[in-house]
Colleague: 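Shown below is the structure under consideration.
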There are 2 protein chains.
Amino acid sequence: MMAKNSSRPELSRDAIVERALEIGDAETLDAVTIRRLGQEFGVTPMALYWHVKNKDELLDAMGDALFAALVVEASDDEAWDVQLRAIVQGLVQALRRHPGSRELAYRRIMQCAVGLQLTERTLRLLRRAGFAPRQAADIAMHALQLAVMLVQSEPGAEAGWTEDDAATRIAEKRAAVEQLPADDFPYLRELAQYMFDCDDPDAFYDFNIDLFIAGARSTLTAGETAESPA
Amino acid sequence: MMAKNSSRPELSRDAIVERALEIGDAETLDAVTIRRLGQEFGVTPMALYWHVKNKDELLDAMGDALFAALVVEASDDEAWDVQLRAIVQGLVQALRRHPGSRELAYRRIMQCAVGLQLTERTLRLLRRAGFAPRQAADIAMHALQLAVMLVQSEPGAEAGWTEDDAATRIAEKRAAVEQLPADDFPYLRELAQYMFDCDDPDAFYDFNIDLFIAGARSTLTAGETAESPA
DNA sequence: ACCTGAACACCGTTCAAGT
DNA sequence: ACCTGAACACCGTTCAAGT
């Protein structure tokens, strides 16, 4: 019952998931391996199978863990568009915590408890705002997937490597664009700095979220004559 | 030089990529294996390394191939929002051809020739429409990523399995939602049919694309006083 | 130019067995 | 309840060698 080694935590499902996320961030998702994890815990690979059914279940658990840090900074009685923005922003903040495992969010967002609760809340606020059922469903899904998409495509945050390594990758991309024929790609060459380098990630997220909210808003006003709110 | 077996095509880079996409669609992306491909061509695994540097390059080539079928049904002198819609639609149509390999599109869209040309065209039309440089860059990226996102999240098109197998998976998901406590998830239960079953995929795509276009449109009019078009 | 044989260092997973 | 040993069927990849 006593800790055998203070630097080596007890083996448990949560500890495994946590360590897996760390490895994903420090290296890559395919560095996350049953055998590697066993090694990190000073245990044989097979020991993990007691705590986790198989690797797929581990990846699912990692995906679910991404949503654990979710906080939505808006109360139920604020305007629907304020709430919707807060939901997407909260999701983005949560997912950004583990860059290496961002792609796992896709398949778990409509599966895990937090994701379902968030979906419920989004549907509720959209229905109450006056969106038709079909619209509410589509916009809710769009909102959640948008958050995943933005995090996944944030310029200059491809794989979870060292920070200065990311800088070199960006430089490579920009260099590749510089080499394109100026006659055929004038605009791309002119705007390359904006596409690959992201000096201000928060501005990037804000702009794209606003774009989405504006679209939703105009959809609502356009359909208001045809549909009657519940 | 003569075909040794008419049912077994010559080994070549293109043939390998094509077969890999077929396997991805018929089964899953991780059924796509160097060894499996060698087997399908009646050749040892190592033979592939002559035509393809390594597996990563193969996956990249598969991703690039997704964009090969791209057609944008809009000419340069149509309104900018019509063109923008046609671009996203064209991309969606192209990516839908290989459901099993959709996830590969993400990392190649700004890398492959077709993707770069499409980006250039999008930037050009947005700049000419009057968007500021930063806005044009963000919206262009958003447009391209949106297409990938929609294809990846089309309800009821998760993995590239049999069509009736997809039906059972949808039924499972809906059943899971039915089991949720009615007090906590009234909206989700009410709208479950819209979220998981997609009776009309084209309508799904149209709605979401329109949502995006509407957002872009309102961004343009909002910023028109501040920015002067080129 | 194009392919094979043999070998290496990895995977995930099962299952009976230990404590 | 929790972990190990041994084994199995897979991977991707290299490299010298064949034709």
Side-chain angles (χ1 to χ4, degrees), chain A residues 1-24 26-63 100-101 103-104 107-108 159-160, chain B residues 1-24 26-63 100-101 103-104 107-108 159-160:
Chain A
M1 263 306 183
M2 63 181 101
K4 34 188 82 160
N5 189 333
S6 57
S7 72
R8 182 182 290 165
E10 294 287 326
L11 191 58
S12 73
R13 191 186 161 93
D14 286 349
I16 292 170
V17 171
E18 188 188 354
R19 194 77 198 94
L21 288 170
E22 287 173 15
I23 295 175
E27 300 173 39
T28 338
L29 200 55
D30 47 40
V32 174
T33 256
I34 299 285
R35 296 179 115 99
R36 161 76 177 275
L37 283 166
Q39 190 179 313
E40 301 243 355
F41 282 99
V43 108
T44 72
M46 303 81 78
L48 300 209
Y49 284 93
W50 180 261
H51 304 273
V52 128
K53 197 186 158 208
N54 52 32
K55 185 163 182 189
D56 233 58
E57 204 204 68
L58 171 60
L59 292 173
D60 285 350
M62 291 169 67
S101 305
E103 60 187 82
L104 296 175
R107 56 178 189 195
R108 297 306 295 172
Chain B
M1 262 307 184
M2 63 181 101
K4 36 188 81 159
N5 190 333
S6 57
S7 73
R8 183 181 291 163
E10 294 288 326
L11 191 59
S12 74
R13 191 186 160 94
D14 287 348
I16 292 170
V17 171
E18 188 188 356
R19 192 79 198 93
L21 288 171
E22 287 172 15
I23 295 175
E27 300 171 40
T28 338
L29 200 55
D30 46 40
V32 174
T33 254
I34 299 284
R35 295 179 117 99
R36 161 76 177 275
L37 283 167
Q39 189 178 315
E40 300 241 356
F41 283 99
V43 111
T44 73
M46 302 82 77
L48 299 209
Y49 284 92
W50 180 260
H51 303 275
V52 128
K53 199 185 156 208
N54 53 31
K55 184 164 183 189
D56 232 59
E57 203 204 70
L58 171 61
L59 292 173
D60 284 350
M62 291 170 65
S101 304
E103 60 187 82
L104 296 175
R107 57 179 187 192
R108 296 306 294 173

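Please read all numbers here as calculations on a predicted model, not as lab measurements. Reminder, nothing fancy here: chain letters follow the sequence lines and each chain counts from 1.
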Colleague: So does Arg35(B) pair up with Glu40(B), basic N to acidic O under 4.0 Å?
Modeller: no
Colleague: Starting from C1' on dC3(D), measure out to CG on Leu37(A) and report it in whole angstrom.
Modeller: 16 Å
Colleague: Here's a test of your reading of the structure: between Leu11(B) and Arg35(B), which maps to the more 5' nucleotide of DNA chain C?
Modeller: Leu11(B)
Colleague: As an exercise, state the distance from OG1 of Thr44(B) to OH of Tyr49(B), rounded to the nearest 0.5 Å.
Modeller: 10.5 Å
Colleague: Could you write out DNA chain C as dot-bracket? Rules: Watson-Crick or G-U wobble, both distances under 3.5 Å, brackets [ ] for crossings, | for pairs with another strand, dot for unpaired.
Modeller: ||.|||||...|||||.||
Colleague: Side chains of Leu48(B) and Lys55(B), heavy atoms from C-beta outward: is any pair under 4.5 Å?
Modeller: no
Colleague: NZ of Lys53(A) versus C1' of dT14(C): gap in Å, rounded?
Modeller: 14 Å
Colleague: Report the nucleotide, chosen from dT4(D), dC3(D), dC11(C), that has the shortest atom-to-atom distance to any side-chain atom of His51(A).
Modeller: dC3(D)
Colleague: For Asn54(A) and dC15(C), what is the distance between atoms CG and C1' respectively, to the nearest whole Å?
Modeller: 16 Å
Colleague: Find the distance Asp30(B):CG to dC11(C):C1' and express it as a whole number of Å.
Modeller: 13 Å
Colleague: Any carboxylate oxygen within less than 4.0 angstrom of a Lys/Arg side-chain nitrogen, looking at Arg13(A) and Glu18(A)?
Modeller: no
Colleague: Which nucleotide in the list dG12(C), dA6(C), dC3(D) gets nearest to the side chain of Val43(A)?
Modeller: dC3(D)
Colleague: Hey, does the side chain of Thr33(A) come within less than 4.0 Å of dG12(C)'s phosphate (OP1/OP2), counting only N and O?
Modeller: yes
Colleague: Could you state the CZ-P distance from Arg13(A) to dC3(D), rounded to the nearest angstrom?
Modeller: 15 Å
Colleague: Choosing from dG5(D), dT4(C), dG12(D), which nucleotide comes nearest the side chain of Thr44(A)?
Modeller: dG5(D)
Colleague: Figure out the CG/P separation between Leu48(B) and dC11(D), and round it to whole Å.
Modeller: 12 Å
Colleague: Using atom CE of Met46(B) as one end and atom P of dG18(D) as the other, report the distance to the nearest whole Å.
Modeller: 14 Å
Colleague: Which nucleotide sits closest to the side chain of Trp50(A): dT14(C), dA1(D), dT13(D)?
Modeller: dA1(D)
Colleague: When you look at Ile23(A) and Arg19(A), which way does the side-chain contact (heavy atoms from CB on, under 4.5 Å) test go after all the steps?
Modeller: CA-CA 6 Å; Ile23(A) 295 175; Arg19(A) 194 77 198 94; 4.2 Å; yes
Colleague: Evaluate Trp50(A) against Leu11(A) for side-chain contact (heavy atoms from CB on, under 4.5 Å), listing each step before the verdict.
Modeller: CA-CA 10 Å; Trp50(A) 180 261; Leu11(A) 191 58; over 6 Å; no
Colleague: Please report, rounded to the nearest Å, how far the C1' atom of dC11(C) is from the CG atom of Leu29(A).
Modeller: 15 Å
Colleague: Closest to the Ala47(A) side chain: dC3(C), dC3(D), dG12(D)?
Modeller: dC3(D)
Colleague: Take His51(B) and Asp14(B) through the side-chain contact (heavy atoms from CB on, under 4.5 Å) test and state the conclusion after the steps.
Modeller: CA-CA 9 Å; His51(B) 303 275; Asp14(B) 287 348; over 6 Å; no
